Protein chains: 2
Amino acid sequence: MPSESAAARVARDLRERLSAGLVEPGTALSQTGVAEEYGVSRIPVRDALQQLAAEGLVELRGATAVVTPLSIEDLQELYELREAVEPLATRLAVPRVGRAALTRMRHLLATMEDDATAPRAWLEANTAFHAEVYALAGRPRMVALVEQLRRLTDRYLYVHLDVIGDVEHLQAEHRAILAAVEAGDAQAAAELTRVHLASSHSVVLDHLLAQEARGRGEQAGG
Amino acid sequence: MPSESAAARVARDLRERLSAGLVEPGTALSQTGVAEEYGVSRIPVRDALQQLAAEGLVELRGATAVVTPLSIEDLQELYELREAVEPLATRLAVPRVGRAALTRMRHLLATMEDDATAPRAWLEANTAFHAEVYALAGRPRMVALVEQLRRLTDRYLYVHLDVIGDVEHLQAEHRAILAAVEAGDAQAAAELTRVHLASSHSVVLDHLLAQEARGRGEQAGG
DNA sequence: CATGTCTTGAATGTATACAGCACCTTCTGA
DNA sequence: TCAGAAGGTGCTGTATACATTCAAGACATG
């Protein structure tokens, strides 16, 4: 057995590809096809797909696994859940945030504010910035849930990669969150996190709606 | 293929047994052993265990799956999550609650208040009572999460089955929730749900602590 | 030309088979 | 008697093989 099982390898790679939106939502992932693609048998693929299904990245429609479709309702629900859980995780974590985490957060903030940072790197820094706080909540299930929800929303973000990093008020919110965390004000940090999530939701939703309207326009015009 | 796959059957049965606390937490569930027990091969068992691991009922410690241990910290975290999500689901669902659901809820309330109801039946009615509301939230992911969290907390409840149904203020809270739902007051219903969860948490925690103290006493005395 | 049926193919669910690893037992030597 | 090594036993991960089911397409028929 290699250092990592084939199932884990397939799951990790597929998870990355799916949350980065590299596979069209609605695509059927046949066990046979995935197995051939990764050069393994169907058993580890079954394991991987099962896990991804549990994480919500694929749906088991009857027998076959299909990449979970994107929808405005789903996006809404995901952000509702995040707005419920992430402020809570923030509130629990703030009293435990130490010097080292704050240093790393400042670094990540600087990376995000650097115009030279590519959109994809911006998104990764953004994820890491928030994860720094959550990791200190000492709530393993909560952290796992937050990561899972973030991966699911990432699929919506990657569609609009070009614009997300440019939204100035998101950056301002990051600075405000960091300030509250530094001040040890858990309640404020939690509320700022909630507002920040609402902002993100609104940014993505706006672009999604605009895109949809554009799509309809083209359809009607062409 | 039978009407239901072997993997689904094993998963459903194991899930039931685990959330009912019929298997000692910490027990290792070997694929081979479970396979023999259900008279199937290891492949469907792998699928089932994988799914249960994703639901948090078992932990994959290295290679083997062990029944997730119970702990006061875990109970705390589970209730923190439930208190974050269930009031939200309630708030979203209340405007959609119709006549039929209210009737069923009244029935379930009567069942719970009937002294002839056995503890286990009480717990099932309790679950169904709350599920009536959540199901109408129109949030599939949220509902799945709530069910998952409830199953995980059930493991703690079943340990103290004999006392849960006797706590009068839990019954009173149910009546209050039903009243708020009937009145269409989403905000009140949500807040009452949060309080109700805090009550449940406290009831279970008290008994868990008492049991632990008793255990220590016996250990010290014997 | 539309429609129903049959056939063929592919994909899944599952069983069996094999290889590697870990832990435990046991035996040997000091 | 105790420490250490050798063997065995049981587990997992994975590949291969087979039965079953579902779907699509071809063909006959009204």
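Computed from a predicted model, the values in this text were never measured in an experiment. In what follows, chains carry the letters A, B, and so on, assigned in the order in which the sequence lines appear, proteins first and then strands, with residues in each chain numbered from 1.
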So, are A:Arg150 and A:Asp154 salt-bridged, with charged N and O less than 4.0 Å apart? yes

So, B:Glu147 and B:Arg82, do they make that salt bridge, N to O below 4.0 Å? no

Among residues 38-54 of chain B, which ones have heavy-atom contacts with DNA chain D below 4.0 Å? B:Arg42, B:Arg46

Counting only heavy atoms and a strict 4.0 angstrom limit, can you tell me which residues of residues 25-32 of chain B come near DNA chain D?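 Of all residues in residues 25-32 of chain B, the ones placing a heavy atom under 4.0 Å from DNA chain D are B:Ser30, B:Gln31, B:Thr32.
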
All side-chain contact (heavy atoms from CB on, under 4.5 Å) counterparts of B:Glu16, not counting sequence neighbours: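 Per chain and number, B:Glu16 pairs via side-chain contact (heavy atoms from CB on, under 4.5 Å) with no residue.
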
Counting N and O atoms only, with roles assigned by atom type, does the side chain of [X] sit under 3.5 Å from a partner on the main chain of [Y], one being a donor and the other an acceptor?
X: A:Ser202; Y: A:Ala198; answer: no
X: A:Arg139; Y: A:Ala137; answer: yes
X: B:Tyr38; Y: B:Ala7; answer: no

Within this structure, what is the CD-to-P distance between A:Glu36 and C:dA10, rounded to whole angstrom? 11 Å

Let me know the distance between CD of B:Glu37 and P of D:dC11, rounded to the nearest Å. 13 Å

Pull out every stem in DNA chain D, meaning runs of 3 or more consecutive Watson-Crick or G-U wobble pairs with both distances under 3.5 Å.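 Correct response: C:1-30 with D:1-30.
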
By ring-ring contact (aromatic ring centres under 6.0 Å, His included), which residues pair with B:His174, not counting sequence neighbours? B:Phe129, B:His130, B:His196

Among all residues two or more places apart in sequence or in another chain, which pass the ring-ring contact (aromatic ring centres under 6.0 Å, His included) test with A:Tyr79?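 ring-ring contact (aromatic ring centres under 6.0 Å, His included) check on A:Tyr79 returns A:His201.
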
CG on B:Leu78 to CZ on B:Arg151, rounded to 0.5 Å: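 Rounded to the nearest 0.5 Å, the CZ-CG separation comes out at 12.5 Å.
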
Between B:Arg42 and B:Thr32, do the side chains contain an N or O donor and an N or O acceptor separated by less than 3.5 Å? no

